[in-house]
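Working notes, beginning with the structure itself.
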Amino acid sequence: MSAVLNFKSHLSELFAQALREVAPEIANDGAAQTEILIERPKLAAHGDYACNLAMQLARPLRKPPREIAQALIAALPVSDAIEKMEIAGAGFINVFIATAAKQRVVSGVLQAGAGYGHIHLGAGRKVQVEFVSANPTGPLHVGHGRGAAVGDCLCNVLHAAGWNVTREFYYNDAGAQIDNLMRSVQLRCLGITPDDPSWPEAGYRGDYIADVARAYLAKETVEADDQHVQGSGDVADAEAIRHFAVAYLRREQDIDLRAFGVNFDVFSLESALYSDGKVEEAVDKLIASGHTYEQDDALWLRTTDFGDDKDRVMRKSDGGYTYFVPDVAYHLDKWRRGFTRVINEQGADHHSTITRVRAGLQALDAGIPQGWPDYVLHQMVTVLRNGEEVKISKRAGSYVTLRDLIDEVGCDATRYFLAARHPDSQLVFDIDLAKSQSNDNPVYYIQYAHARIHAVLTQWGGDRSTLLHADVGALNNEYETVLLQKLIDFPQVIENAATELSPHLIAFYLKDLAADFHSYYNASRFLVEDEAVKCARLALIAAIAQVMRNGLALLGVSAPEQM
RNA sequence: GUGCCCGUAGCUCAAUCGGAUAGAGCACCAGCCUUCUAAGCUGGGGGUUACAGGUUCGAUUCCUGUCGGGCACGCCA
């Protein structure tokens with residue numbers, strides 16, 4: 001099925017054959033980059049697909065590109081998928097696909113169902129995506145929400161592209177920040193509040209700290225995905241408070257993440273890296289590698305050997321390790337678990353860790369490739385309410401939580417808005433816009449298209465499985481050919497989103513698909529007298545609905561049948 | 001000061017990893033419901049892609065510099 005519908009690779013093969021005939025010396029030159037590029041032109045007048053091969057050959061062949069194009073077309077093997085070809089512009093070869101060939105996509109989609117669009121790019125290889133990875137010192141905020149949305153959509157896209165995806169969440173359950181957390185909870189247990197003069201500067205001031213303290217004193221039991229702890233109520237027991245507070249806040253995060261439709265396969269704790277001896281092992285290996293040295297009572301890693309702008313302290317003069325040491329140990333562990341591909345989705349405010357982690361991994365000399373692991377960094381999110389920016393202060397506890405957004409805006413709109421932009425761009429989250437149940441809101445625009453199709457099919461009342469075998473020969477007007485091509489494009493969109501690690505492409509595709517459908521809807525009637533036309537159109541819109549469901553599923557957004 | 005990311009219509013954002021005449025939505029103006037959902041559709045105005053150079057058949061995309069915004073520059077994470 002896919003071989004018939006993948007016109008891009010089909011044409012690529014045809015042109016490769018033509019190339020072998022027209023310019024065998026170039027086709028057989030393995031060193032030359034003779035990859036045949038087939039692209040979709042922006043203008044319909046330029047055909048369905050275009051090839052720029054003739055222009056690329058102009059220089060090596062020392063011939064005018066249009067002349068080469070002529071020869072390529074003459075040498076191109078016959079294909080019933082091709083309606084006609086034209087030479088245009090500087091030497092583009094524009095290919096027009098036969099409508100009959102495009103029409104096959106309808107049964108292709110209906111046949112494949114939820115699997116339509118899935119490709120074998122990943123070939124079943126393992127990939128681990130680490131995202132969110134918030135420390136359990138407070139509720140998740142909008143920034144974490146963006147990480148959750150982008151990371152989860154990326155996982156969905158990679159899965160659809162044929163990768164075997166593991167979702168992982170890593171957090172720090174030891175160290176200075178957790179000490180602050182423990183101390184803050186302890187003080188709250190003693191009835192001391194943040195406005196008290198004795199409240200530590202680094203303490204956490206949010207109201208949720210009081211909630212943790214109350215639950216601890218009440219000896220509540222908390223269960224998170226990876227935690228199960230009962231509060232002892234003993235205010236003097238720092239270790240018990242620490243465990244309880246971590247479990248409590250992890251549970252709160254899990255509740256939010258699940259409400260957001262995000263589920264992790266693996267949770268990794270920093271403390272486990274210490275208790276399992278993995279940190280010590282990594283340190284020993286680094287020392288053995290010869291890339292470390294002692295200075296000022298501290299142990300340093302010469303990260304400048306690997307492109308860093310200055311060396312970094314590994315072991316502080318107080319004997320503790322800096323945070324990036326367990327990070328290196330953690331990534332060595334990922335590598336040993338067989339993840340030859342790892343993608344870390346993080347906020348851009350942590351970008352400086354990339355050089356350090358990669359440098360540490362190179363210093364280990366463990367056979368890890370230089371650019372490993374991959375990173376997707378999302379830029380900061382600013383929140384707008386009533387046209388004014390909502391300031392974020394974690395210390396003071398005043399910030400927009402992910403839970404606020406889900407409650408106020410809804411899961412679908414929140415996910416869409418946070419995932420529908422290029423991660424490299426700063427994002428303005430306008431709460432009023434996301435909340436509005438109006439035409440301003442692209443989420444509803446897409447969902448509405450899906451619901452409309454469902455309404456038509458319900459009104460028709462026939463057996464939908466028969467549409468799979470419908471004769472779609474009647475689908476040939478302007479609207480229909482555009483939509484057929486749009487459906488054909490879907491697997492390519494998944495491929496682009498997967499290779500560029502850009503899940504926002506899915507959102508834009510769906511908006512375009514919905515727009516094309518709405519135009520079609522307004523210009524046509526589906527439940528017409530002519531049985532053949534009716535069935536053909538119903539089959540088409542059923543296929544459109546299927547692709548919408550598939551695409552929305554990648555975004556983690558629901559596809560309601562009624563609105 | 002150094003490093004990373006960004007700069008595209010009045011606003012929010014795209015542009016298939018160098019392609020042809022840079023596209024949507026919102027806002028603004030003018031139209032379309034006796035018909036399958038008007039949360040919709042049709043048409044219109046709106047641009048020196050921050051700026052200046054360079055690379056080539058061709059640049060929003062790649063390189064250099066300038067300006068502007070964000071983030072990071074700790075023996076915190």
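Labels below follow one simple rule: chain letters A, B, ... track the order of the sequence lines, proteins then strands, and each chain is numbered from 1.
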Hey, does A/His518 reach any base, or is it just sugar-phosphate, or nothing, if we go heavy atoms under 4.0 Å? sugar-phosphate
In B/S/- notation (B base, S sugar-phosphate only, - none; protein heavy atoms under 4.0 Å), nucleotides 71-77 of chain B written 5' to 3' is BSSSBBB
Please report the distance separating the C1' of B/U64 from the corresponding atom of B/A77, rounded so that it comes out in whole Å. 37 Å
Can you confirm whether the side chains of A/Thr355 and A/Asp308 place a donor and an acceptor under 3.5 Å from each other? no
Applying side chain to side chain contact (heavy atoms under 4.5 Å, CB included) to A/Ser317 and not counting sequence neighbours gives A/Asp297
Spacing of the P atoms in B/A24 and B/G44 (rounded, Å): 10 Å
Please identify each residue that fulfils side chain to side chain contact (heavy atoms under 4.5 Å, CB included) with A/Arg66, with sequence neighbours left out. A/Ile87
Expressed in angstrom and rounded to an integer, what is the separation of A/Met563 atom CE from B/C36 atom P? 18 Å
Is there any protein nitrogen or oxygen under 3.5 Å from a nitrogen or oxygen in nucleotides 12-14 of chain B, and what are the pairs?
residue, atom, partner, partner atom, Å
B/U12, O2', A/Arg421, NH2, 2.7
B/C13, OP1, A/Gln426, O, 3.3
B/C13, OP1, A/Val428, N, 3.3
B/C13, O5', A/Arg421, NE, 3.0
B/A14, OP1, A/His422, N, 2.6

A/Arg452 CZ - B/C41 C1' separation (whole Å): 8 Å
Name every residue in residues 519-527 of chain A that has at least one heavy atom under 4.0 Å from any atom of RNA chain B, in order of residue number, or write none if there are no such residues. A/Ser519, A/Tyr521, A/Asn522, A/Ser524, A/Arg525, A/Phe526, A/Leu527
Roughly how many Å apart are B/G47 and B/C41, using the C1' atom of each and rounding to a whole number? 27 Å
Between B/U16 (P) and A/Asn52 (CG): distance, integer Å: 14 Å
Measure the distance from CG on A/Asn441 to P on B/C11 and round it to the nearest whole Å. 21 Å
If you write RNA chain B from 5' to 3' in dot-bracket form, with Watson-Crick or G-U pairs under 3.5 Å, [ ] for crossing pairs and | for pairs with another strand, what do you get? (((((((..((((.....[...)))).(((((.......))))).....(((((..]....))))))))))))....
Taking only residues two or more places apart in sequence or in another chain, which ones pass ring-ring contact (aromatic ring centres under 6.0 Å, His included) with A/His351? none
Does B/C11 fall in syn (glycosidic angle within 90° of 0) or anti? anti
Using whole Å, what does the distance between atom C1' of nucleotide B/C36 and atom CG of A/Leu457 come to? 10 Å
Taking the P atom in each of B/C62 and B/C17, what is the distance between them to the nearest angstrom? 12 Å
Check ion pair A/Lys534-A/Glu529 (N to O, under 4.0 angstrom): no
Closest nucleotide of RNA chain B for A/Ala515 versus for A/Tyr49: which of these residues is on the 5' side? A/Tyr49
Out of B/U37, B/C57, B/U21, whichever nucleotide has its closest atom nearest the side chain of A/Ala455: B/U37
Donor-acceptor pairs under 3.5 angstrom involving side-chain atoms of residues 481-488 of chain A: please list them, not counting sequence neighbours.
residue, atom, partner, partner atom, Å
A/Thr481, OG1, A/Asn477, O, 3.1
A/Thr481, OG1, A/Glu478, O, 3.1
A/Gln485, NE2, A/Tyr49, OH, 3.0
A/Gln485, NE2, A/Asp489, OD1, 3.1

With heavy atoms under 4.0 Å as the rule, sort A/Asp308 into base, sugar-phosphate or nothing. nothing
I'd like to know if the side chain of A/Ser184 reaches the main chain of A/Gly203, judged simply by a donor and an acceptor atom lying under 3.5 Å from each other, with no hydrogens or angles considered. no
Atom-to-atom span, CD1 of A/Ile119 to C1' of B/U16 - whole angstrom: 13 Å
Spacing of the P atoms in B/U8 and B/U21 (rounded, Å): 23 Å
Same-atom distance (C1') from B/C32 to B/G68, integer angstrom: 45 Å
Starting from C1' on B/G23, measure out to NZ on A/Lys486 and report it in whole angstrom. 11 Å
Are A/Phe92 and B/A20 stacked, counting the six-membered base ring, centres under 5.5 Å, planes under 30°? yes
To the nearest angstrom, how far is A/Leu510 atom CG from B/A24 atom P? 18 Å
Are any of the side-chain heavy atoms of A/Tyr293 and A/Arg302 separated by less than 4.5 Å? yes
Kindly write out the residues that satisfy ring-ring contact (aromatic ring centres under 6.0 Å, His included) with A/Tyr509, not counting sequence neighbours, or none if the list is empty. A/Phe490
Which comes earlier along RNA chain B counting from the 5' end, the contact point of A/Leu37 or that of A/Lys511, where each point is its nearest nucleotide? A/Leu37
Could you work out, with salt bridge (charged side-chain N to carboxylate O under 4.0 Å, His left out) as the rule, every residue matching A/Asp48, not counting sequence neighbours? A/Lys102
Using the P atoms only, state how far B/A15 lies from B/A50, rounded to an integer number of Å. 15 Å
Pairwise P distance for B/U12 and B/G70, with rounding to whole Å: 15 Å
Results of side chain to side chain contact (heavy atoms under 4.5 Å, CB included) for A/Arg146 - residues two or more places apart only: A/Val150, A/His378, A/Gln379, A/Val381, A/Leu418, A/Arg421, A/Leu427
Those residues at least two apart in sequence (or on a different chain) that pass salt bridge (charged side-chain N to carboxylate O under 4.0 Å, His left out) with A/Lys334 are A/Glu130
For A/Glu561, answer base if it contacts any base atom (sugar-phosphate contacts may also be present), sugar-phosphate if it contacts only those atoms, and nothing otherwise; contact means non-hydrogen atoms under 4.0 Å. base
Given the rule in the side chain to side chain donor-acceptor pair (under 3.5 Å) test, do A/Tyr520 and A/Glu480 qualify, once you have shown the distances and angles that lead to the verdict? CA-CA 8 Å; A/Tyr520 182 43; A/Glu480 288 157 352; 2.8 Å; yes
Once the angle between the rings of A/Phe267 and A/Phe169 is folded into 0 to 90°, is it parallel (under 30°), tilted (30 to 60°) or perpendicular (over 60°)? tilted
Mind checking A/Gln562 for me? I need base, sugar-phosphate or nothing, with any heavy atom below 4.0 Å counting as a touch. base
Under a 4.0 Å threshold between the charged nitrogen and the carboxylate oxygen, would A/Glu408 count as salt-bridged to A/Arg385? yes
A/Arg358 and A/Tyr375: side chain donor to acceptor below 3.5 Å: no
